[in-house]
Number of protein chains: 2
Amino acid sequence: MDNLLKYIHSLTEFSEESWELLQPALSKKQYKKNEFLLHEGHICNSLFYIDSGYCKSYYEIDGAQKNTAFFFENDIATNINSFGSGEKSEFNIIACEPLAAVIFDKQKLFKAAKQSNEIEALGRNCIRMFASKQEEFSTLFKLYSAQDRLNYLEVNHPDMVQRVSLSQLASFLGVARETLSRIRKRRTSV
Amino acid sequence: MDNLLKYIHSLTEFSEESWELLQPALSKKQYKKNEFLLHEGHICNSLFYIDSGYCKSYYEIDGAQKNTAFFFENDIATNINSFGSGEKSEFNIIACEPLAAVIFDKQKLFKAAKQSNEIEALGRNCIRMFASKQEEFSTLFKLYSAQDRLNYLEVNHPDMVQRVSLSQLASFLGVARETLSRIRKRRTSV
DNA sequence: CTAATCCTGTGACAATCGTCACAAAATTAT
DNA sequence: ATAATTTTGTGACGATTGTCACAGGATTAG
């Protein structure tokens, strides 16, 4: 829980009392590689704080996996729409490596938030961070070419480029596997 | 303010008392066409509830406008990252038509939120809606081709396709103006 | 260690897209 | 109403991308 506490302190003011109040909403869980954190068709009632390892969200379309996000250490993974609205998730979240997460239970989190403004503020900040991240990646597609998007990731999210395989990165960047391979070749030779 | 009140009620429980408490944070403003709601380089300290008309956010890159979002009646427009973090905005928000907005002032909104859990919840819901929307459009690029993205907009956001000109829509869909014109031609002839 | 599986690179070719250029159509301003 | 401006359509052409196919390399499972 040490990493989580540090993470929380980096986001917002947080007293020891709030931390105690938050405990009932938290649980640790280990996932094996390829184990699901969230299944398509299920309702997302959790926020997943990633303590170690990483996971991805993906849609299954015509039998192919289309990756829409990667979540690493100190990220919060969730389906923000399903979590907020209670609707079924249209995508999956799956561990890409052995993964350790701290799970925030929605109901218990809301109960705790009512008892502490700091917990309330924490929740708001998590959602805001999530929104900023979505905006960032959404903007990439409108401003840049596929090649520029790869550049951007290499500069701003080098960890992602290093840890995620080319095949996995391709759908995230909105191009075919082969195209990403050729882009990389063009880039390195220049 | 009638529309705003309806909008709030559609999102969350909201007592008359909360409504009264919220008033000091609100102000109405009319914008002319091409007037800025938010300027690049400025800090975003407002949420803009769009009462009538519509606006867009865009980056200015190499002298060209790259549109990243459109906000219509009953939408909240803002730079969620700048609003939350206090950093300068990297993009502009500009009225595309004569526009009437209700502006939420950040400082006063936070003050009001401390006095009412319902206002607090409203703020959280607005951010969540914003995050969902970003996620929706971000996903489009990873799952679909340019043609499919246009299809999606026509089905799920017909108002946008109707009200926004082709040139404006193009950068939002991540393609050149000419390409969008040809995609539309292909589509209608099939 | 060996076999099976997965990942990456690459060739070929057609489809799509970006860019430049210009004309027609639509909209806006005076 | 007329002129000015903006928006849209389209041709040409080169660049980029998707798709199919296959081979070599890396990784994983047993």
Side-chain angles (χ1 to χ4, degrees), chain A residues 32-35 53-54 56 58-67 70 94-99 140-154 160-190, chain B residues 32-35 53-54 56 58-67 70 94-99 140-154 160-190:
Chain A
K32 291 173 192 162
K33 182 171 176 176
N34 291 329
E35 199 177 346
Y54 79 97
K56 68 173 186 179
Y58 72 93
Y59 286 70
E60 184 104 24
I61 299 207
D62 299 332
Q65 291 188 4
K66 303 275 189 172
N67 303 320
F70 297 97
I94 196 172
C96 301
E97 294 178 351
L99 182 148
L140 281 186
F141 289 91
K142 292 158 189 160
L143 302 187
Y144 303 130
S145 67
Q147 183 160 342
D148 290 342
R149 294 201 290 279
L150 178 60
N151 271 337
Y152 180 91
L153 280 198
E154 286 176 338
M160 193 186 296
V161 182
Q162 282 160 22
R163 292 175 71 180
V164 177
S165 75
L166 180 144
S167 314
Q168 301 288 309
L169 252 193
S171 60
F172 180 77
L173 284 170
V175 296
R177 177 183 74 72
E178 297 90 337
T179 300
L180 185 52
S181 175
R182 287 173 183 127
I183 288 175
R184 195 156 73 173
K185 190 185 173 190
R186 278 207 302 268
R187 264 188 41 68
T188 49
S189 63
V190 172
Chain B
K32 291 173 192 163
K33 182 172 175 175
N34 292 328
E35 199 177 344
Y54 79 97
K56 68 171 186 180
Y58 71 93
Y59 286 71
E60 184 105 24
I61 300 210
D62 298 332
Q65 292 188 3
K66 303 273 189 173
N67 303 321
F70 297 97
I94 196 171
C96 301
E97 294 177 352
L99 182 145
L140 281 187
F141 289 91
K142 292 159 190 159
L143 302 188
Y144 303 130
S145 68
Q147 182 160 342
D148 290 342
R149 295 201 289 279
L150 177 60
N151 270 337
Y152 180 91
L153 280 198
E154 287 175 337
M160 193 185 295
V161 182
Q162 281 160 22
R163 293 174 70 179
V164 178
S165 75
L166 180 143
S167 314
Q168 301 289 309
L169 252 192
S171 60
F172 180 77
L173 284 170
V175 296
R177 178 184 74 71
E178 297 90 337
T179 300
L180 185 52
S181 175
R182 287 173 182 129
I183 287 175
R184 194 156 73 172
K185 191 185 173 190
R186 278 208 301 268
R187 263 187 42 68
T188 48
S189 62
V190 172

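Chain A is the first sequence line, chain B the second, and so forth, proteins listed ahead of strands; every chain is numbered from 1.
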Knowing that exactly one of Glu60(B), Gln168(B), Lys56(B) qualifies, which makes a side-chain hydrogen bond (donor to acceptor under 3.5 Å, both in side chains) with Gln65(B)?
Lys56(B)
Exercise: identify the closest heavy-atom pair between Arg149(A) and Leu173(A):
NH2-O, 2.7 Å
Separation of atom [atom1] in [X] from atom [atom2] in [N], rounded to whole Å:
X: Leu166(B); N: dT10(D); atom1: CG; atom2: C1'; result: 13 Å
X: Leu169(B); N: dT7(D); atom1: CG; atom2: C1'; result: 13 Å
X: Asn34(A); N: dA29(D); atom1: CG; atom2: C1'; result: 14 Å
X: Tyr144(A); N: dC17(C); atom1: OH; atom2: P; result: 22 Å
X: Leu173(A); N: dT17(D); atom1: CG; atom2: C1'; result: 14 Å
X: Leu180(B); N: dC17(C); atom1: CG; atom2: P; result: 10 Å
X: Asn67(B); N: dT7(D); atom1: CG; atom2: P; result: 11 Å
X: Arg184(B); N: dT10(D); atom1: CZ; atom2: C1'; result: 14 Å

Do [X] and [Y] have side chains that get closer than 4.5 Å, going by heavy atoms?
X: Asn151(A); Y: Glu154(A); value: yes
X: Leu143(A); Y: Tyr152(A); value: no
X: Leu166(A); Y: Arg177(A); value: yes

Give a yes or no on whether the backbone of Asn67(B) and the side-chain of Ser171(B) come within a donor-acceptor separation of less than 3.5 Å.
yes
Base of dG18(C) paired with side chain of Arg177(B) (donor-acceptor, under 3.5 Å)
no
Would you tabulate the pairs of protein nitrogen or oxygen atoms and nucleotide nitrogen or oxygen atoms of nucleotides 11-15 of chain C closer than 3.5 angstrom?
| residue | atom | partner | partner atom | Å |
| --- | --- | --- | --- | --- |
| dG11(C) | N7 | Arg182(A) | NH2 | 2.9 |
| dG11(C) | O6 | Arg182(A) | NH2 | 3.0 |
| dA12(C) | N6 | Arg182(A) | NH2 | 3.3 |

Rounded to the nearest 0.5 Å, what separation is found between the OH atom of Tyr59(A) and the OH atom of Tyr144(B)?
8.0 Å
5' priority, DNA chain C, between Thr179(A) and Gln168(A) [closest heavy atom]
Gln168(A)
Under 4.0 Å between a side-chain N or O of [X] and OP1 or OP2 of [N]?
X: Ser181(B); N: dG9(D); result: yes
X: Arg186(B); N: dT10(D); result: no
X: Ser145(A); N: dT16(D); result: no

Between the axis at one end of the helix from dC1(C)-dG30(D) to dT30(C)-dA1(D) and the axis at the other (five pairs apiece), what's the angle to 10 degrees?
70°
Would you please test Leu140(A) and Asp148(A) for side chain to side chain contact (heavy atoms under 4.5 Å, CB included) and show each step?
CA-CA 9 Å; Leu140(A) 281 186; Asp148(A) 290 342; over 6 Å; no
Presence of salt bridge, Glu97(B) and Arg163(B), under 4.0 angstrom:
yes
